[in-house]
Novice: 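Pasting in a structure now, in structure tokens, and then I'll have a few things to ask.
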Protein chains: 2
Amino acid sequence: MNRMTQRTEGERVIIIDGVAMSMDNCPVRDVLDHIGGKWNSLMILALADGPMRFSQLRRFIPDISQRMLTQTLRDLQRDGYLIRTVYPTQPPSVEYALTELGQSLLVPLRTLVQWSQDNHPAIRRARSAFDGQGRD
Amino acid sequence: MNRMTQRTEGERVIIIDGVAMSMDNCPVRDVLDHIGGKWNSLMILALADGPMRFSQLRRFIPDISQRMLTQTLRDLQRDGYLIRTVYPTQPPSVEYALTELGQSLLVPLRTLVQWSQDNHPAIRRARSAFDGQGRD
DNA sequence: CGGCATCCTGTTTGATACTG
DNA sequence: CAGTATCAAACAGGATGCCG
């Protein structure tokens, strides 16, 4: 599947699962960096069941700051994961909803969520074993 | 990556896909924070085909610093994703290999990689569309 | 309500140098 | 070869105040 990095002159390439990927523009890194952000994937999952308003999301993720909420939403919108709809009510309300792209990300994301739940105990076990043995 | 356990709040709970999860000890965040790290998931994928030595990994991921390589490997070892084996040769060689846990993570990870590759064009398109429209 | 701008902090990362 | 140590830069993130 994957093997060795090739360092052709000037052009750096990494090979993952047999597919060469330039490091300047690696799809995997690009996506992973985003879903790995502290709030991004949580936000996608939050919107899984349907659109939410700004203040709803704030309540839904209690420990996010307004700043990070705004920023995360803008980032996700920029990448096409969700759409922002402003309703010109008084006071104004803004609704965020997953796009088709966002919905499709939900699939691999849920796989990962499932895996996390299944294996979290094992990780915690490994962690305390590691911490325990080195110490004394 | 090295998350100091911070326990400030009492009993806050977030609901993902209908499942309530404590925020102090959320499996999803715990795992996502790791696979989302800049190097972690790349490292797991690098070891997918078999064990590698320290310097091999360095070459495999050309733009990682020695410091980050060491640290990432220690973190992943701590969480039970890989094992570290020292061969008392001269000079010493150290081999890193995925554990069963690490191998199992490979499955959802590959799903994500696949998704990334499939949808990267769409993301790039959305991104430039977003950047273009706000402009002037 | 739904933001944005500013300031300020701790954490993450990279460069560099040194060791067994 | 496979690390450790140290320093400085970069960045993420929180707190606060202001605005349409």
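Quick note on labels: first sequence line is chain A, next is B, and so on, each numbered from 1.
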Novice: Mind checking side-chain hydrogen bond (donor to acceptor under 3.5 Å, both in side chains) for A/Asp49 and listing every partner two or more places apart, or none if nothing turns up?
Specialist: none
Novice: Which residue lies toward the 5' end of DNA chain D, B/Arg58 or A/Gly37, if each is placed at its nearest nucleotide?
Specialist: B/Arg58
Novice: Which residues in residues 67-83 of chain A have a heavy atom closer than 4.0 Å to any atom of DNA chain D?
Specialist: A/Arg67, A/Met68
Novice: To the closest 0.5 Å, what do you measure between CD (B/Gln71) and CZ (B/Arg67)?
Specialist: 5.0 Å
Novice: Using a 3.5 Å cut-off and no angle test, enumerate the donor-acceptor pairs between side-chain atoms of residues 90-108 of chain B and protein atoms at least two apart in sequence or in another chain.
Specialist:
{"from": "B/Glu95", "atom 1": "OE1", "to": "B/Tyr87", "atom 2": "OH", "distance (Å)": "3.4"}
{"from": "B/Tyr96", "atom 1": "OH", "to": "B/Arg84", "atom 2": "NE", "distance (Å)": "3.3"}
{"from": "B/Thr99", "atom 1": "OG1", "to": "B/Gly80", "atom 2": "O", "distance (Å)": "2.5"}
{"from": "B/Thr99", "atom 1": "OG1", "to": "B/Tyr81", "atom 2": "O", "distance (Å)": "3.1"}
{"from": "B/Thr99", "atom 1": "OG1", "to": "B/Leu101", "atom 2": "N", "distance (Å)": "3.3"}
{"from": "B/Thr99", "atom 1": "OG1", "to": "B/Gly102", "atom 2": "N", "distance (Å)": "3.1"}
{"from": "B/Ser104", "atom 1": "OG", "to": "A/Trp115", "atom 2": "NE1", "distance (Å)": "3.0"}
{"from": "B/Ser104", "atom 1": "OG", "to": "B/Leu101", "atom 2": "O", "distance (Å)": "2.8"}

Novice: Could you pick out which residue, A/Arg84 or B/Gln66, lies toward the 5' side of DNA chain C when each is mapped onto its nearest nucleotide?
Specialist: A/Arg84
Novice: Enumerate the salt bridge (Lys or Arg N to Asp or Glu O under 4.0 Å) contacts for residues 68-78 of chain A, please, sequence neighbours excluded, ordered by first and then second residue.
Specialist: A/Arg78-B/Asp131
Novice: Please work out which residues in residues 40-56 of chain A have a non-hydrogen atom less than 4.0 Å from an atom of DNA chain C and list them by number.
Specialist: A/Arg53, A/Phe54, A/Ser55
Novice: Do the charged groups of B/Arg29 and A/Asp63 touch, with an N to O distance under 4.0 Å?
Specialist: yes
Novice: Using five base pairs at each end, measure the axis-to-axis angle across the helix from C/dC1-D/dG20 to C/dG20-D/dC1 and round it to 10 degrees.
Specialist: 50°
Novice: Taking the nucleotide of DNA chain D with the closest heavy atom to each, which residue, A/Ile64 or B/Ser93, is nearer the 5' end?
Specialist: B/Ser93
Novice: Can you figure out which of C/dC1, D/dC1, D/dG13 approaches the side chain of B/Pro91 most closely?
Specialist: D/dC1
Novice: Can you give me the closest heavy-atom contact between A/Pro121 and A/Asp118, atom names plus distance?
Specialist: CD-O, 3.7 Å
Novice: Within the 4.0 Å heavy-atom criterion, would you say A/Tyr96 contacts the bases, only the backbone, or no part of the nucleic acid?
Specialist: sugar-phosphate
